[in-house]
Every structure is written in C-alpha cells, then in structure tokens.
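Structure first, then comments.
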Protein chains: 2
Amino acid sequence: MAGTVVDERDDDELRILIQKVARRIRSNRAEGDVGDSQLSVLFYLDVRGALTPTELAALEHVTPPSMNRTVNGLEEAGLIVRERATDDARKVLVRLTPAGDRLLVETRRLRSVWFSDELANLTPTERAALEAARPALRKLAGG
Amino acid sequence: MAGTVVDERDDDELRILIQKVARRIRSNRAEGDVGDSQLSVLFYLDVRGALTPTELAALEHVTPPSMNRTVNGLEEAGLIVRERATDDARKVLVRLTPAGDRLLVETRRLRSVWFSDELANLTPTERAALEAARPALRKLAGG
DNA sequence: TATTGTTATACTCTATAACTATA
DNA sequence: TATAGTTATAGAGTATAACAATA
C-alpha cells in the first residue's frame, strides 16, 4: 500500500518529465521551421509513401479534422499534394512534394541540433539507459 | 561517417518518440480536466509554495506572457490567487487556493490512469529500462 | 535604466458538431 | 447506412512586440 503510493508518484514524475522534455524540444524550433505535427506528417509520408488523411490521423492519434487542418497547412505551403484515389473516389492520397522532401531533411537537421547537444551532455551511463528505453518509448508512443 | 548518419536518425527517432508519447498523454485528458501547463503550475505551487509569474515562467521554460495567460486561466477558475508582494510592489505572488489544491490532487489521479495502464502493459524489461532512463529524462527536462 | 507584470496579436495544434460525396 | 473527407467553431498553449508600474 505504501508501495502503491510511491509507484503512483513515480509514474506521475515520469509522465511529467516526458511532457516537459517534449515541451523543451518544441520550444527549440528554428526560424522558418515547421510545427511538430506537420513535421511528423512529412516524416510518415517519407517513410511510408502516400497515405490518406484518415491513415495519417490514426498514425498520429488525432481526429480527422485535426489532421485535415495539418494537411491544409502543408498543402498551402506546397509541401504536400492531395490526389484523388483511383480505386475509391472518396479517398484522398497525401503525397510529399520535392519541396516537402527538401524541407523534411532540412528541418530534421535543424531540430536535431538542440536535442543532440542535450544528449551529448548526458553521461555515457545515462545515454545508454535512454537508448535501452527506446523500445518502451516506442510502445508508449503507440505505433 | 556512416555511423554518424545512423546516430542522427536514432536521435531523430528518440526525439519524435518523446514528443509522441507526450502528445498521447495530453490527448488522454479527462473530462473537466485542466490543461498541461495549468496542471504543471499547480504542481509547482504545491511543492514550492507561492511563486512569482516570472519564477513560474523560468521553471516551465516559457515566456512571461505565456505564463501570464496560464495564470489568468487558473485565476478565472478560482484555482490560484494573485497577491502583491510586500517587499517589492512590482512583484506578484501566485498562490494555490484550497480549490486549486483539491483539483490538483484529483487531476493528478485522473491523469495517472491512462499512463499507469500503459506502463503496466510494458514487459518487466521495458519497464525497468524506462525506470533506468529516469535520470536521463530529468536532465533532459532541464530542472 | 532595468525589472516585473501585463495586454495585444497571431500562429499551431487540438477537439466536437455538422455537412458533402461516395460506397 | 457507413465511410472518407471536409468545414465551422472553439479552446489551450505558445510566441513577439509594446506598454505600465516600480526599483
């Protein structure tokens, strides 16, 4: 019972720490950088090829209207194009443009600067521990 | 050189994973729940007592106007009060109200449900790895 | 002048509700 | 009816620029 209380507090701290690290990552956006969600969509399109808005929404665990807004922003910026699917006229395929591909590469490079510096400031032990936690983080990220 | 490229991609994934887990935590807010930043402020006020907006902004790594908006929301909800400091008339002390204290306890409990469930779904190995990464996360969170 | 707090404004991301088009 | 996409609207969180009050 005492153990339970301690565990709850530990979980709390872990949860708050993850949110805080994420907030710091976000706050270190570079000038002309693209937002988190937009970047993540570019990332998925690069890895998996063209996807529908519904598929993207599921991958990001957001609602279709949220993803639609994100896709609108990317389209207005010329980073993706919408194409009607040939097999099902309801479906739309979101595809990376060459400009989107270039921005993805550049933005990831910019984003990595702060984070990689932070990682470099960890001790070898801390770094190894974070590396070992990668599978757990993958599972918590939910695919 | 090949190793460098792989490392960059690994850092990228780690960064994106952390952001994604944070997004999932946020999306699992309960009804009537308070936002991330507001909750974090309540957390600090509970642990450290009354603090100025500037101090809170520094702790959260956000700008003073951002913190001001967060504090406004908490004040409108009756969860904190602003008091003029006696020693320096420029300063404002933000203090938790009894209602804020109650909401903090309740909200943390609600928030823990989803995350603790997720943690419970990890294998013992994954769970231990995440636990071992806690010091690294603390450092990345920047205090 | 420097510091503290604040307001004005704008952008990103998120959600729910409701609508259109296609299957 | 069910599914895919979208629009309308709203709220939280963040930022920069500019201003007021006090030290």
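Computed from a prediction, not measured in an experiment: that's the story for all the values here. Per chain, numbering begins at 1; letters A, B, ... match sequence-line order.
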* Any side-chain heavy atom of A/Leu42 sitting closer than 4.5 Å to one from A/Ile80? -> yes

* May I have the distance from A/Asp36 (atom CG) to D/dA12 (atom P), rounded to whole angstrom? => 20 Å

* To do: Using a heavy-atom cut-off of under 4.0 Å over every strand shown, decide if B/Pro64 touches base, sugar-phosphate, or nothing.
  => base

* Asked: Whole Å only: how far is the CG atom of B/Leu51 from the C1' atom of C/dT4?
  -> 15 Å

* Starting from P on D/dT14, measure out to CG on B/Leu56 and report it in whole angstrom. => 12 Å

* Asked: In whole Å, what is the span from the CD1 atom of B/Ile25 to the P atom of C/dT14?
  -> 14 Å

* Please examine the side chains of B/Met67 and B/Thr54, heavy atoms only from C-beta on, and report whether any two atoms are closer than 4.5 Å. => no

* To do: Nearest whole angstrom, please: distance from the P of C/dA2 to the NZ of B/Lys91.
  => 18 Å

* Asked: Do side-chain atoms of A/Arg84 reach the backbone of A/Arg90 as a donor and acceptor pair under 3.5 angstrom?
  -> yes

* Structure fact -> Residue set satisfying side-chain hydrogen bond (donor to acceptor under 3.5 Å, both in side chains) with B/Thr52, at least two apart, ordered chain then number -> B/Glu55

* N/O (side chain, B/Asn68) to phosphate O (OP1/OP2, C/dG5) under 4.0 Å -> no

* Taking OP1 and OP2 of D/dT14, is either one under 4.0 Å from a side-chain nitrogen or oxygen of B/Ser37? -> yes

* Structure fact -> 5' to 3', nucleotides 15-20 of chain C under a 4.0 Å protein heavy-atom cut-off (B base, S sugar-phosphate only, - none) gives BBB---

* Taking the side chain as every heavy atom from C-beta outward, state whether B/Pro53 and B/Leu56 have any atom pair closer than 4.5 Å. => no

* **Whole-Å distance separating the CZ atom of B/Arg90 from the C1' atom of D/dC19** => 16 Å

* To do: Would you check if B/Arg95 and B/Arg82 make a side-chain contact, meaning some heavy-atom pair closer than 4.5 Å?
  => no

* Using distance alone, with no hydrogens and no angle criterion, decide if A/Ser40 and A/Glu60 have a side-chain donor and acceptor under 3.5 Å apart. => yes

* Within a strict 4.5 Å, meaning less than it, do heavy atoms of the A/Leu140 and B/Lys20 side chains meet? -> no

* Whole-Å distance between D/dA12 C1' and A/Arg23 CZ? -> 12 Å

* **Under 4.0 angstrom between B/Thr52 side-chain N/O and C/dT4 OP1 or OP2** => no

* Using atom CZ of B/Arg26 as one end and atom C1' of C/dT12 as the other, report the distance to the nearest whole Å. => 11 Å

* Do the side-chain N or O atoms of B/Thr54 get closer than 4.0 angstrom to the phosphate oxygens (OP1, OP2) of C/dG5? -> yes

* Asked: Near DNA chain D, under 4.0 Å by heavy atom, which residues of residues 71-87 of chain A?
  -> A/Asn72, A/Arg82

* Asked: Ignoring hydrogens and geometry, is there a side-chain-to-backbone donor-acceptor pair from B/Thr70 to B/Ser37 under 3.5 Å?
  -> no

* **N/O (side chain, A/Gln38) to phosphate O (OP1/OP2, C/dT12) under 4.0 Å** => no

